[in-house]
**Q** 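Sharing a structure below in structure tokens format, with a few things to ask.
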Amino acid sequence: MELYKQQKIKIYNSLSNQKEDFIPLIEGYVGMYVCGPTVYSNVHLGNVRTFMSFDLVYRYFKHLGYKVRYVRNITDAGHLENDADVGEDRIAKKARLEEIEPMEVVQQYTVDFHNVLRKFNLLPPNIEPTATGHIIEQIEIIKNIIDKGLAYEVNGSVYFDVLKYNEKEHYGILSGRNIEDAIHNTRTLDGQSEKRNPQDFALWKKAQPEHIMRWPSPWSDGFPGWHLECTAMSTKYLGEEFDIHGGGMDLKFPHHECEIAQAKAHNNVSPVKYWMHGNMLILNGKKMAKSTGNFILPEEIITGDNDILSKPFPATIARFFMLQAHYRSILDFSNDALEASEKGYYRLMNAINQLKSIEPSKASTVDVGLWRQGCYDAMNDDFNSPILIAQLFEGVKIINALVDKKETLSSKDLETFKNTFNVFIFDVLGLENVTSVDNSEVLNNVVELLIKMRNEARVNKNWALSDQIRDELSAMGVHLKDGKEGTTFTL
RNA sequence: GGCGUUGUGGCCGAGUGGCUAGGCAGAGCUCUGCAAAAGCUUGUACAGCGGUUCGAAUCCGCUCGACGCCUCCA
């Protein structure tokens, strides 16, 4: 029997603001869409956190035996900057500044994105579609929405008519807003607008002469609005109605709100059953964001090349650190917190390494089934990885007690225990067992110390010791050379 | 200003109306020639003020603070 029939998941649905039983549209299958990055610059650690949160979700579904179709897009058609009416496509702007092709920008940062996620051990999605690869689909959706009277064309651009939509539907259903409030609280209007209403959003934008990314359409040579791509691609690959849509909390409004409105207008059905939003990674008390410069790059964790870091950390430790917080909580990033996680991580891995050598006994003194279900209960409760990790540390205590022969497990229980422990750590949490941190500086110092001790032995004519040091180092691959200027070594 | 989230012991970070989350640090113990490491044990915290309740950190109200969104954003 598949595990998913035994383990029932509850998911916090942003649409209802409460935990709901997860019931897939088709039993045994899960359709999941996650908003991917806009590839106009390097992803920062905050971006990684969000994708990692959904990596956890994906991994757990897979572990339970669900057939998952996980779609995560690449936004390569940029977003508009500043005022939408005069704004410029981000990718196009970057390309113009760097005097390269827009697709070079896209290619460079897409490759970077993939490299980063691989280092943090994120599984690739099943489909990773691009916005520019779905221009035709987007145009078709716009046509349909215009036909239904919920969008209008002005000067070659097309806008979604939010007020009209709101007559029959609720624009703001996801973010808990009322369109009336929004109208009354409009910020200072900047300049003249083509829009009938400030809340309207672009489905298609006419390209200005300086725009280098453009496609033909019935309305103008131009480019699609940002929100539309996700509707086009999720509909195409997951259907008009699918199970889960995820993304960062900051996309809830307006991006996801607009997606709901478009999709409903287009398909006459609410597109998503469970909306999930991952919370922000905070640095210095503020959200990480490229625009403010308050961020840390994933690579900097690994190289230690950032002033706030005391040293480099393996990527998997950063992963462990982030999974120690629930995905819906804001998480504070700091060197101290990372160091604390590092110690806990090694404790966990030491236990795993000891687990291999434990011998079974005739009977069990530990209720393995209860402990195992505790692991599942944690994940079933809205993917609560911190609780799971706490449960795994209970497992660490059990392992230590087994090593000390204070507890025993039958061979069957031991098998279950080992299997569960490994599955949750490596398959579900996606951690990697980094046993030793390769630190060439430490190695250097160690060898220098041995050289010094050997030289003292030579001065004392303690040839037995000095030769022992040289020969044993040599056996380990460290070769000493006595030169006129002193002793050096090679690896 | 509007909408929403949140405020937990030295630090990070879970959580439920009554029963010790967990990690790090600290303390005690075991082990050990000494030390370290490792293991075990230990922490009565929940912004403030009211209210509901037999009982609230957990529900409600107010105050104060923090954060997110309202413009691109994971």
Side-chain angles (χ1 to χ4, degrees), chain A residues 14 17 34-38 40-41 43-54 72 75 78-85 87-90 93 113 172 174-178 180-188 190 198-199 201 226 246-257 277-282 285-292 295 320-348 350-351 354 374 378 381-382 384-397 399-401 403-404 406:
Chain A
S14 300
N17 284 325
V34 172
C35 288
T38 306
Y40 69 96
S41 66
V43 289
H44 62 251
L45 198 64
N47 302 115
V48 172
R49 183 190 181 201
T50 295
F51 300 125
M52 190 181 291
S53 296
F54 292 104
R72 188 185 62 210
T75 297
H79 302 170
L80 299 179
E81 276 204 326
N82 307 319
D83 176 29
D85 289 336
E88 185 171 6
D89 185 288
R90 276 198 163 182
K93 182 181 179 186
F113 174 64
L174 178 66
S175 52
R177 284 157 212 252
N178 288 312
E180 289 79 11
D181 293 342
I183 290 166
H184 293 310
N185 290 300
T186 308
R187 291 176 160 197
T188 48
D190 28 14
Q199 279 68 44
F201 55 90
W226 169 39
M249 198 71 98
D250 48 356
L251 297 184
K252 201 170 176 181
F253 188 89
H255 183 54
H256 291 157
E257 201 69 73
H277 291 96
N279 219 324
M280 301 291 102
L281 187 63
I282 298 287
K286 299 277 182 195
K287 167 187 172 182
M288 279 196 198
K290 282 175 211 136
S291 54
T292 59
F295 65 91
F320 182 68
F321 160 72
M322 291 197 259
L323 291 173
Q324 274 187 301
H326 185 83
Y327 77 91
R328 279 191 292 111
S329 296
I330 291 169
L331 176 62
D332 265 297
F333 182 89
S334 70
N335 190 255
D336 286 353
L338 199 56
E339 283 187 345
S341 289
E342 180 184 35
K343 291 183 181 169
Y345 164 85
Y346 282 118
R347 210 177 135 221
L348 196 58
N350 286 341
Q354 296 212 60
D381 185 13
D382 197 29
N384 200 320
S385 55
I387 297 283
L388 170 62
I389 289 170
Q391 187 69 3
L392 291 172
F393 275 108
E394 292 304 316
V396 170
K397 281 189 184 171
I399 290 172
N400 289 329
V403 170
D404 290 350
K406 287 176 182 160

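Naming convention: chains lettered A, B, ... in sequence-line order (proteins, then strands); numbering from 1 in each chain. Only this structure's heavy atoms are used, side chains among them; waters, hydrogens and symmetry mates stay out.
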**Q** Given atom NZ of A/Lys287 and atom P of B/G4, what is their separation to the nearest angstrom?
**A** 19 Å
**Q** Determine the interatomic distance between P on B/G51 and the same-named atom on B/U58; round to the nearest Å.
**A** 14 Å
**Q** What contact category does A/Gly246 fall into here, base, sugar-phosphate, or nothing, at under 4.0 angstrom with non-hydrogen atoms?
**A** nothing
**Q** Quickly work out the A/Met280 CE to B/G4 C1' distance and round it to whole Å.
**A** 13 Å
**Q** Would you name the heavy atoms of A/His326 and A/Pro386 that are closest together and state the gap between them?
**A** N-CG, 3.4 Å
**Q** Using whole Å, what does the distance between atom P of nucleotide B/A14 and atom CG of A/Leu323 come to?
**A** 12 Å
**Q** Produce a footprint string for nucleotides 20-30 of chain B: one letter per nucleotide, 5' end first; B if the base is under 4.0 Å from any protein heavy atom, S if only the sugar-phosphate is, - if neither.
**A** -BSSSS-----
**Q** What is the distance, rounded to the nearest whole Å, between atom CG of A/Leu388 and atom P of B/G15?
**A** 13 Å
**Q** Are any of A/Ser334's side-chain N or O atoms less than 4.0 Å away from OP1 or OP2 of B/C11?
**A** no
**Q** Please name the residue in the list A/Leu281, A/Val48, A/Asn47 that meets the side-chain contact (heavy atoms from CB on, under 4.5 Å) test with A/Met288.
**A** A/Leu281
**Q** Counting side-chain heavy atoms from CB outward, which of B/C40, B/C69, B/A14 is closest to A/Arg177?
**A** B/C69
**Q** Are A/Asn350 and B/A38 close enough that a side-chain N or O sits under 4.0 Å from OP1 or OP2?
**A** no
**Q** Can you tell if the side chain of A/Asn335 reaches within under 4.5 Å of the side chain of A/Glu339, non-hydrogen atoms only?
**A** yes
**Q** Without decimals, in angstroms, what is the distance between A/Lys406 NZ and B/C31 P?
**A** 11 Å
**Q** Just call it for A/Ser175: base, sugar-phosphate, or nothing, with non-hydrogen atoms closer than 4.0 Å on any strand.
**A** sugar-phosphate
**Q** Could you tell me the separation between the CG atom of A/Leu281 and the P atom of B/C67, rounded to a whole number of Å?
**A** 15 Å
**Q** Quick check on B/G4: is either OP1 or OP2 less than 4.0 Å from any side-chain nitrogen or oxygen of A/Lys252?
**A** no
**Q** Base, sugar-phosphate, or nothing: which does A/Gly46 touch, judged by heavy atoms less than 4.0 Å apart?
**A** base
**Q** Angle between ring planes, A/His44 versus A/Phe295, binned at 30° and 60°: parallel, tilted or perpendicular?
**A** tilted
**Q** Both distances under 3.5 Å, Watson-Crick or G-U wobble: report the partner of B/U5, or none.
**A** B/A66
**Q** Applying a 4.0 Å non-hydrogen cut-off, can you work out what A/Ser329 is touching in the nucleic acid: base, sugar-phosphate, or nothing?
**A** sugar-phosphate
**Q** If each of A/Asn17 and A/Ala289 is mapped to the nucleotide of RNA chain B with the nearest heavy atom, which maps nearer the 5' terminus, i.e. the 5' end?
**A** A/Asn17
**Q** Within the structure provided, determine whether A/Lys287 and A/Ile330 are in side-chain contact (heavy-atom separation under 4.5 Å).
**A** no
**Q** Students often get this wrong, so: under 4.0 angstrom with heavy atoms, is A/His44 touching a base, only sugar-phosphate, or nothing?
**A** base
**Q** Please determine, for B/U20, whether a Watson-Crick or G-U wobble partner exists with both distances under 3.5 Å, and give it or none.
**A** none
**Q** Which value, in whole Å, describes the distance between the C1' atoms of nucleotides B/C54 and B/G17?
**A** 12 Å
**Q** Just the rounded figure in Å: distance from C1' of B/G13 to CZ of A/Arg328.
**A** 15 Å
**Q** Under 30°, 30 to 60°, or over 60°: which ring-plane class applies to A/His256 and A/His277, parallel, tilted or perpendicular?
**A** tilted
**Q** Measuring to OP1 and OP2 of B/A14, would you say a side-chain N or O of A/Asn384 lies under 4.0 angstrom away?
**A** no
**Q** Between B/G13, B/A74, B/C12, which nucleotide gets closest to the side-chain atoms of A/Phe321?
**A** B/C12
**Q** If we take the C1' atom in both B/C60 and B/U52, what is their distance in whole Å?
**A** 7 Å
**Q** Going by purine N1 to pyrimidine N3 plus the second Watson-Crick contact, or the G-U wobble pair, all under 3.5 Å, which nucleotide sits opposite B/G50?
**A** B/C60
**Q** C1' atom, B/G9 versus B/A25: distance in rounded Å?
**A** 12 Å
**Q** Hey, are the side chains of A/Phe253 and A/Leu174 touching, using non-hydrogen atoms and a 4.5 Å cut-off?
**A** no
**Q** Across the strands shown, which category fits A/Gly36 at heavy-atom distances under 4.0 angstrom: base, sugar-phosphate, nothing?
**A** sugar-phosphate
**Q** How about A/Leu392 and A/Leu388: do any of their side-chain heavy atoms sit closer than 4.5 Å?
**A** yes
**Q** Who is the Watson-Crick or G-U wobble partner of B/G39, with both distances under 3.5 Å?
**A** B/C29
**Q** Would a distance-only check, ignoring hydrogens and angles, find a side-chain to backbone donor-acceptor pair under 3.5 Å from A/Ser385 to A/Leu323?
**A** yes
**Q** For the pair made of CE in A/Met249 and C1' in B/U6, what is the distance, rounded to whole Å?
**A** 10 Å
**Q** How far does the P atom of B/U42 sit from the matching atom of B/C62, given to the nearest Å?
**A** 42 Å
